[in-house]
Number of protein chains: 2
Amino acid sequence: MQQQLRAHLEKIVALTDEEFDVVLAHVRERRYKKREFLIQEDQMVSDAYFVVSGLLKLVYTDDSGRQHILSFAMEDWWESDFRAFYTQTAATLSLQCVEDTAVFCLSLESYHALCADLPKLQRFFLQKATFGSIAAQQRIFSLLTTNIQERYDQLLQQYPALVQRLSKTMLASYLGVSRETLSRLS
Amino acid sequence: MQQQLRAHLEKIVALTDEEFDVVLAHVRERRYKKREFLIQEDQMVSDAYFVVSGLLKLVYTDDSGRQHILSFAMEDWWESDFRAFYTQTAATLSLQCVEDTAVFCLSLESYHALCADLPKLQRFFLQKATFGSIAAQQRIFSLLTTNIQERYDQLLQQYPALVQRLSKTMLASYLGVSRETLSRLS
DNA sequence: GGCGAGGTGTGACCTACGTCACAAGTATTG
DNA sequence: CAATACTTGTGACGTAGGTCACACCTCGCC
């Protein structure tokens, strides 16, 4: 597990053993079962999570009880209700296991400490945030400009492995269409 | 103009005069007229822009010539085709003046230099990127969960001043509806 | 091995929104 | 100040996708 985190960090910044030890001192390993919640609506968000194995979904449940999936997080992804995490307010989203999942947990305190102690890590998070925000813009773009068939095709092409691991119901919720409509696509 | 940039930076990180001089050494002041392009599709993106005064729109033009507005940038906002900027590839978006606009230009080289020389600035950009990506997620969220009336109301509430400065056509394009439908809202 | 929960496909029908067309009104520019 | 371009509202009509209802299938579990 540790090796995977290190490899992930080193894709962006090279680390000495000592530096990586500092990182390890700030994260906790945890395992969750399918359907378990890492974050629940209205509760405080203690951590951001790095997914080592498994699959998570980030969900908003609206007033009429409908679930909207904002994103999935699989191996090597960071996920949390980042708004709630950074501002230390109650979560509006929930984060739940689609499969049994192993993660590293990083508290906001540890995040700040790491950024302060290791400028390299700050560079790492800057790059993650930058490309995260670019990816989010691409998704906005795709929601604005494409119909569902195209969106589904794009997803299939970009993340074929992810699509395999999800039910059609969850996919529909992620793409922003009804289950029935997705089921009628070619 | 310089004062405004400094105040903007100091909302997040305190700067000495010397530090701010380093920043100034890395940015260029420029003025553009209404309808002028800062970035044009298919061209290289030399800079990210800090808007001092005026108003910009970030636009994607699809194959059938339809314009989709991804975002607006007004006073104190940073804007660019960030994907193209960070990866130094050709722009897929264009950035155009809605009004006469004054900006500071920051090249990628200068951006990297500033981050390396002034860790504070890296912290500044990290915070901007973090909250930028949170804001993008909120927009995705709103595109997934709300109808047009709600989206329009939300925008009116959050940015009443911005709405005043935009034509209904541009608003519609930003909200992802046809001009006619927007015009029929209460 | 039977039972309940979750997942999937499909028909019938409804509705929010897009498209096209036209008529006015209001800036912008020579 | 006249000409032209941009903006806005509104009617008529088409359609993508939502909703509801039902059938069936698979899989975990007592």
Side-chain angles (χ1 to χ4, degrees), chain A residues 32-37 54-57 59-69 72 94 96-100 140-156 162-186, chain B residues 32-37 54-57 59-69 72 94 96-101 140 142-156 162-186:
Chain A
Y32 294 87
K33 288 270 161 207
K34 183 169 176 171
R35 262 169 256 264
E36 246 188 293
F37 285 90
L55 182 55
L56 304 173
K57 61 177 181 179
V59 175
Y60 174 74
T61 308
D62 71 20
D63 304 337
S64 49
R66 242 177 288 266
Q67 291 214 148
H68 304 271
I69 297 180
F72 297 104
S94 62
Q96 191 182 11
C97 293
V98 174
E99 307 170 355
D100 292 359
I140 289 171
F141 169 73
S142 126
L143 287 170
L144 282 177
T145 63
T146 66
N147 64 21
I148 281 133
Q149 178 74 258
E150 288 171 307
R151 244 134 79 198
Y152 181 57
D153 291 346
Q154 275 174 23
L155 187 70
L156 256 176
L162 177 62
V163 174
Q164 297 304 324
R165 293 160 75 178
L166 298 170
S167 71
K168 296 285 166 84
T169 308
M170 280 193 279
L171 266 177
S173 165
Y174 174 76
L175 292 168
V177 269
S178 71
R179 188 186 67 68
E180 292 93 328
T181 298
L182 183 65
S183 149
R184 279 185 255 259
L185 291 186
S186 64
Chain B
Y32 294 86
K33 287 271 161 207
K34 183 168 176 172
R35 262 167 257 266
E36 248 188 291
F37 285 91
L55 182 54
L56 303 172
K57 60 176 181 180
V59 175
Y60 173 75
T61 307
D62 70 21
D63 303 336
S64 49
R66 243 175 288 266
Q67 291 214 149
H68 304 271
I69 297 180
F72 297 103
S94 62
Q96 189 182 12
C97 294
V98 175
E99 306 170 355
D100 292 358
T101 301
I140 289 171
S142 128
L143 287 169
L144 282 177
T145 62
T146 66
N147 64 20
I148 281 132
Q149 179 76 57
E150 287 171 309
R151 244 134 78 198
Y152 181 57
D153 291 346
Q154 274 175 22
L155 187 69
L156 256 175
L162 177 62
V163 175
Q164 296 305 324
R165 293 160 75 179
L166 297 170
S167 71
K168 295 284 166 84
T169 309
M170 280 193 279
L171 266 177
S173 164
Y174 174 78
L175 292 170
V177 268
S178 71
R179 188 188 67 69
E180 292 92 329
T181 299
L182 183 65
S183 151
R184 279 185 254 259
L185 293 186
S186 64

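Letters A, B, ... mirror the listed sequences (proteins, then strands); counts begin at 1.
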| L56(B) side, atom CG; T101(B) side, atom OG1 - distance, nearest 0.5 Å | 4.5 Å

| query | Is a salt bridge present between D100(B) and K33(B), judged by a nitrogen-to-oxygen distance below 4.0 Å? | reply | yes

Tabulate atom names and distances for all N/O pairs under 3.5 angstrom spanning the protein and nucleotides 27-30 of chain C.
none

| query | Between L143(B) (CG) and dA16(C) (P), how many Å, whole number? | reply | 19 Å

| remark: Closest heavy-atom pair, I69(A) versus L144(B), reported as atoms and distance to 0.1 Å, is O-CD1, 3.8 Å

| Do the side chain of R184(B) and the base of dT19(C) come within less than 3.5 angstrom through a donor-acceptor pair of N or O atoms? | yes

| Which pair of heavy atoms, one from V163(B) and one from L171(B), lies closest together, and at what distance? | CG1-CD1, 3.7 Å

| query | Is the side chain of D153(B) donor-acceptor paired with the backbone N or O of L156(B) at a distance under 3.5 Å, no angle test? | reply | no

| message | Working to the nearest 0.5 angstrom, can you tell me the gap between H68(A) NE2 and I140(B) CD1? | response | 14.0 Å

| request: Answer yes or no: is there a donor N or O on one side and an acceptor on the other, between the side chain of Q96(A) and the main chain of K57(A), under 3.5 Å? | output: no

| Any side-chain heavy atom of L155(A) within less than 4.5 Å of one from Y174(A)? | yes

| query | Which heavy atom in F72(B) sits nearest to a heavy atom in M170(B), and how many Å separate them? | reply | CZ-O, 4.1 Å

| For the student: nearest non-hydrogen atoms of V98(A) and L166(A), plus distance | CG1-CD2, 4.3 Å

| query | Taking five pairs at each end, how big is the angle between the two axes of the helix from dG1(C)-dC30(D) to dG30(C)-dC1(D), to 10°? | reply | 50°

| field | Spacing between L185(B) atom CG and dT8(D) atom C1', to the nearest angstrom | value | 14 Å

| remark: Per the under-4.0 Å heavy-atom filter, residues of residues 166-179 of chain B near DNA chain D come out as S167(B), K168(B), T169(B), R179(B)

| Check: dC20(D) base within 3.5 Å donor-acceptor of E180(A) side chain | yes

Would you mind writing out the side-chain donor-acceptor pairs for residues 177-185 of chain B within the sub-3.5 Å range, not counting sequence neighbours?
residue	atom	partner	partner atom	Å
S178(B)	OG	T181(B)	N	3.2
S178(B)	OG	T181(B)	OG1	2.9

| task | Mind calculating the distance between CG (D62(B)) and P (dG18(C)) to the nearest angstrom? | result | 14 Å

| request: Write down the atom of R151(B), the atom of G176(B), and the distance for their closest heavy-atom approach. | output: NH2-O, 4.3 Å

| task | Give a yes/no on whether any side-chain N or O of S183(A) is located under 4.0 angstrom from OP1 or OP2 of dG9(C). | result | yes

| field | Close approaches to DNA chain D from residues 145-153 of chain B, in residue order (heavy atom, under 4.0 Å) | value | none

| message | Applying side chain to side chain donor-acceptor pair (under 3.5 Å), can you list everything that pairs with E99(A), at least two apart in sequence or on another chain? | response | R165(A)

